[in-house]
2 protein chains.
Amino acid sequence: MKSIDTIEGIARKTLHEELVERLRDIILEGALDVGAKVPERQLCERLGVSRTPMREALKVLAADKLVTLIPNRGAVVRGLTPEDIDELFPVIGALEALAGELACKRINGEELDAITGMHEDMVDHYRRRRLGEYFQRNQQIHESIVKASGNGVLQEQYRALSAPLRRARYVANLSDERWAQAVSEHEAMLEALTARDGARLAGILKSHLSNKHEAVLRRLEAEAAPAR
Amino acid sequence: MKSIDTIEGIARKTLHEELVERLRDIILEGALDVGAKVPERQLCERLGVSRTPMREALKVLAADKLVTLIPNRGAVVRGLTPEDIDELFPVIGALEALAGELACKRINGEELDAITGMHEDMVDHYRRRRLGEYFQRNQQIHESIVKASGNGVLQEQYRALSAPLRRARYVANLSDERWAQAVSEHEAMLEALTARDGARLAGILKSHLSNKHEAVLRRLEAEAAPAR
DNA sequence: TGACATCAAAATGAATTCATTATTCAATTT
DNA sequence: AAATTGAATAATGAATTCATTTTGATGTCA
């Protein structure tokens, strides 16, 4: 029998916690322009809360590097500069490499089957050139590997660092060559994971991320150029 | 004559920012017992602020995993469980390994000289068995390598993850063998760094951290046993 | 004596209020 | 006409107030 606490879900979240989630989603969704000021008054009205929990939530988001707080001038949505991207990818690459290594030691058949299924789905989406679905599966595979590492700290760091990149990654696979290369890298990843070859999987992940990094950079350049 | 721009603006931090720093120091210093409730009223009185900025600061510290906020029950100082330590060390090891790799590419003579000096100091403290000073230099060397990576994200992640461990590390090098081993590992680190051999340095750092991990665990076991 | 219920005191969550700092815009000066 | 000053307005920072929940004590009854 369920305990009394489990009934109705432990909906005992404080208001500011819910606000953190809501705002994080809103920001990561891209519903607020980067660099745009976030007038807390408006946010409060729209979400129906007072300023106190809203300000607490903004402080937390600032600690997460999703917004920047300027004293006496409010919060602005933080965007990623090319320098940020250059710094983020190597760190994420190192984290994923570690995750791959650990995952090879601890993954069980069930988890491996699930990842294999996602991979097949992903390849299918690739064949049909369904970019959105492809990316979704792709993201899911990476997250599953990190999760399979069984290391909560690692999982949390990975999540925090890669969340702001999701938008950037969405525009990464432009060229057909890069796309094909990425898929073949994923094939190699799955092989190494199935063989429980941690060192190999780590190496593949690291270079996979490095390639993704370059692809994102080139895409950003291509976007910046015609914008002038 | 100096331009108006060169006059440095008065460093105006908001109250809650200062509070975050103060509280972080207080907690990392160990001035508050782990697991102890933190009555915000008392903290406010002692630090002479009202509850609003204090609560904002606590939210930020909770996001940093330094305290745990329990709805309607306040904040407790978060301690490290053995499981936390098991999860933290591999991640820190991966970050340091990456830092070593990057540092070998970017480090300049000046930085290398500084680290070499620290290393010699550290060895001197080792010979005289000055544990406190040894650890200080040791910490400084690791931080310098991370800094020499030139990657701000990496630096920040490293700082956030290793801060809670500082206390644990202080009790790490107990046995004479482990201490001697650590010093020789540091010798190898300096060699690899001087030779700009990134791959080697990365490998050394990773196993160095792994050894530190085991030493900390053994020390914790030894402490826990007689405590019963 | 011990378990349970009830009530008071204290602590936290959130809203409101007050004070200080930016921002905007009009008026004046060069 | 452009720029600078100054006042009015709006926004933020922090304190206070109010409401809800927890906690602890007291008293009752088995």
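This one's a predicted model, so the numbers in the text were calculated from it and none came from an experiment. The chains referred to below are lettered A, B, ... by the order of the sequence lines, with proteins before strands, and numbering in each begins at 1.
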Trainee: Within this structure, what is the CZ-to-C1' distance between Arg55(A) and dA14(D), rounded to whole angstrom?
Mentor: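 Going from Arg55(A) (CZ) to dA14(D) (C1'), I get 8 Å.
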Trainee: Expressed as a whole number of angstroms, how long is the span from Met54(A):CE to dT12(D):C1'?
Mentor: 14 Å
Trainee: Hey, what do you get for CZ (Phe135(A)) to CG (Leu131(A)), rounding to the nearest 0.5 Å?
Mentor: 5.0 Å
Trainee: Which one, dA14(D), dA15(D), dT12(C), comes nearest to the side chain of Ser50(B)?
Mentor: dA15(D)
Trainee: Toward the 5' end of DNA chain C, which comes first, Gly74(B) or Val49(A), by nearest nucleotide?
Mentor: Gly74(B)
Trainee: Given atom CD of Glu40(A) and atom P of dG13(D), what is their separation to the nearest angstrom?
Mentor: 7 Å
Trainee: Would you mind reading off the distance between Leu15(B) atom CG and dT20(C) atom C1', rounded to a whole angstrom?
Mentor: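 Value for this atom pair: 13 Å.
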Trainee: Among residues at least two apart in sequence or on other chains, which ones pass side chain to side chain donor-acceptor pair (under 3.5 Å) with Glu101(B)?
Mentor: Lys206(A)
Trainee: How do Gln42(B) and Pro53(A) order along DNA chain C: which one's closest nucleotide is nearer the 5' end?
Mentor: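 Closer to the 5' end of DNA chain C: Gln42(B).
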Trainee: Whole angstrom is fine here: how far is it from CG in Leu19(A) over to C1' in dA14(C)?
Mentor: 11 Å
Trainee: Can you work out whether Lys37(B) or Glu56(B) has the more 5'-proximal nearest nucleotide on DNA chain D?
Mentor: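 On the 5' side of the pair lies Glu56(B).
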Trainee: Is any side-chain N of the basic residue among Lys13(B) and Glu21(B) closer than 4.0 Å to the acidic one's carboxylate O?
Mentor: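 Yes, Lys13(B) and Glu21(B) are salt-bridged.
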Trainee: Who are the ring-ring contact (aromatic ring centres under 6.0 Å, His included) partners of His119(B), not counting sequence neighbours?
Mentor: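 For His119(B), no residue satisfies ring-ring contact (aromatic ring centres under 6.0 Å, His included) once neighbours in sequence are set aside.
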Trainee: Calculate the interatomic distance between Asn72(A) atom CG and dT12(D) atom C1'; express it in whole Å.
Mentor: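 Between C1' of dT12(D) and CG of Asn72(A): 6 Å.
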Trainee: What is the distance, to the nearest angstrom, from the CG atom on Leu43(B) to the P atom on dA11(C)?
Mentor: 12 Å
Trainee: Would you classify Arg73(B) as touching base, sugar-phosphate or nothing, given that sugar-phosphate means primed atoms plus P, OP1 and OP2, and contacts are heavy atoms under 4.0 Å?
Mentor: sugar-phosphate
Trainee: Answer with yes or no whether Thr52(A) presents, from its side chain, a donor or acceptor under 3.5 Å of a partner atom in the base of dA15(C).
Mentor: yes
Trainee: To the nearest Å, give me how far apart CZ (Arg51(B)) and C1' (dT17(D)) are.
Mentor: 10 Å
Trainee: Without hydrogens or angle criteria, can the side chains of Asp86(A) and His213(A) be said to hold a donor-acceptor pair below 3.5 Å?
Mentor: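 Short answer, yes.
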